[in-house]
Amino acid sequence: MNAPVNGKADLIIRNARLIDGTGAPSYSGDIAISGDRIVGLGALGSLSAGTEIDAQGKAVAPGFIDVHTHDDRAVLVNPTMKNKVSQGVTTVVTGNCGVSLAPLKIDRRPPAPLDLICDSPDGFYADFASYLKALDDDPAAVNVLAQVGHSSLRVGAVADLNGAASSSEIKAMRAKLEESLEAGAIGLSTGLFYPPAQAAPTEEVIELGRAVHAHSGLHTTHMRDEAAKITDSLAETFRIGREADIPVVISHHKCAGADNHGRSVETLPLIDAAMKQQRVGLDVYPYIASSTMLSPDRMAGASRVIVTWSVPHPEHAGRDLADIAAEMGLSQIEAAGKLLPAGAVYFSMHEDDVQRIMKYPHSMIGSDGLPHDTRPHPRLWGTFPRVLGHYSRDVGLFPLEEAVRKMTGLSAIQFGLTDRGVLKTGNYADIVLFDPATVIDTASFTDPMQPAAGIELVIVNGRPVWQDGAITGARPGRAIRRQQLGNFGKAA
Ligand code: ZN
Ligand code: CU
């Protein structure tokens, strides 16, 4: 299996600072790749290769795993994935926040927030197997782990989205979910915060969670409330995990709204305590602003709102809602109403919470980028280099090895990737070569679609996808099925 034949590998990167993804101290050495695997690490002086690269002491790490994405359709329609591979991302987890492209048959514009990933009925897949097959037939540059979204199930099966699902509707959702898990979906996400799922009682999710348990899947959640009732939401999430006996991942953990600033001192100990009883994970993005659909009735906690897209007013994308409202002679809430359907960035968090959550040893990095927004939140292009360059190097929040662990080794454990996320002989060759001295995000709220600096080479399954500041066009990514993964939340 891809071992170097007669002392010759396909590619050797020499003279690198090897950061293995486990959090262990980096060391100097070479890394050899043959086919789609890592075949050597360390002092490889006696080995030669078809291609040799001198890293000149720069860092080589496992490819970054973006554990929280909305790339469900992006991987199909924009498969070279420049916004992700330019950051060093080699694997994405899709289907987050209750929203997935499959399984859903719909004949109208999907309701928000499903329209964040696809605004036309044609883009959805009636069954999960065809979604995964589309990815197999026309692969992306990155690997994909795909979840089923609870809101997508609800939109497809529940007659009155403003109420609890009936027992026959739960049965219908459960059948679709089981079929999807059998096809290779890795689990179920919820977005209990959002209109299509807000009315779903905890018991409805637990009922679906039992199907997730039966197929050894996991559960991720955009919780019901990330503001005043954040601790109630944590309790609800832990209860779902316990009663359905499934691992849970808290998505984009935050304390939103000025009244809740500082409350991560409360939430992190609650997560710590829960972890002693059950499998719990969490992810975070490195910004004080969030981004999602524009909701006129839910802007109260934000100090500033920027419009990211608007169907009736595309010209306002990228502008502050306050300016638009002033021009219209309306209140911000009234102006927001005129822009719907629309998306927005909300400045609603405190830097201290963002840093405290990011530094928490169990938190993984996930971008939550919205790839179809006209003027997206800069996290879509900047998340990983920002953690490495801004938070690790410039702010000194944690050592580089720890920054890398939060986007590789830890994520691989939480998502059951037993042969990725760590530099190890025999693992898949998902690799990023970057310059620790210069790596930085350049995407900003005013200029959000800019590739990061300092990411020099990105390899997926042995093939370069980003090199010399450009995509190579290669699309070696794989749609990874649940059946190919190990246990969630347990080291290999
Ligand atoms: Zn979310
Ligand atoms: Cu999300």
Side-chain angles (χ1 to χ4, degrees), residues 65-75 83-84 89 92-101 110-118 144-155 186-198 200 205 218-227 229-230 233-234 236-237 240 248-257 267 281-295 298-299 301-302 308-309 343-346 348-349 354 357 363-373 376-384 411 414-415:
I65 300 168
D66 191 347
V67 295
H68 189 105
T69 84
H70 295 284
D71 289 335
D72 304 56
R73 190 165 65 91
V75 288
N83 47 32
K84 292 297 167 73
V89 170
V92 299
V93 178
T94 64
N96 281 290
C97 300
V99 172
S100 62
L101 275 193
L114 273 62
D115 60 350
L116 292 177
I117 59 167
C118 187
V144 179
L145 301 181
Q147 301 174 91
V148 177
H150 171 231
S151 291
S152 295
L153 290 176
R154 276 194 132 236
V155 168
I186 67 158
L188 173 74
S189 78
T190 50
L192 299 176
F193 167 79
Y194 288 112
Q198 243 173 300
V205 182
L218 98 168
H219 171 50
T220 69
T221 180
H222 180 153
M223 298 191 298
R224 211 178 278 282
D225 191 317
E226 296 175 303
K229 294 185 180 149
I230 177 79
S233 290
L234 286 171
E236 178 179 35
T237 300
I240 292 165
V248 294
V249 173
I250 298 155
S251 296
H252 44 60
H253 183 40
K254 64 172 76 72
C255 300
T267 62
L282 71 159
D283 58 74
V284 60
Y285 51 77
Y287 296 88
I288 55 162
S290 64
S291 182
T292 183
M293 58 189 278
L294 179 62
S295 308
R298 294 185 181 190
M299 308 187 307
T308 53
W309 58 276
V345 160
Y346 303 86
S348 61
M349 295 167 243
V354 172
I357 294 168
S363 63
M364 302 174 274
I365 305 301
S367 73
D368 202 9
L370 293 168
H372 309 292
D373 286 11
H377 185 305
R379 65 195 184 186
L380 176 65
W381 289 79
T383 290
F384 294 85
S411 318
Q414 293 289 15
F415 284 83

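Every number for a ligand or one of its atoms is a count from 1 in the order of the listing.
- The minimum distance between the Zn ion (ligand 1) and any N, O or S atom of H222 involves atom ND1.
- Take the Cu ion (ligand 2) as the corner point: the lines to OD1 of D368 and to NE2 of H70 open at 90°, to the nearest 10 degrees.
- No hydrogens or angles considered: nothing links the side chains of R379 and Y287 as a donor-acceptor pair under 3.5 Å.
- In summary, H252 places an N/O/S atom under 2.8 Å from the Zn ion (ligand 1), meeting the contact criterion.
- A donor and an acceptor atom, one from each side chain of H222 and N96, are nowhere located under 3.5 Å apart.
- Residue contacts to the Cu ion (ligand 2): H252 brings no N, O or S atom closer than 2.8 Å.
- Defined by atom type and a distance below 3.5 Å, a donor-acceptor pair is present between the side-chain atoms of T267 and H253.
- Between the side chains of D373 and W309, at least one donor N or O lies within less than 3.5 Å of an accepting N or O.
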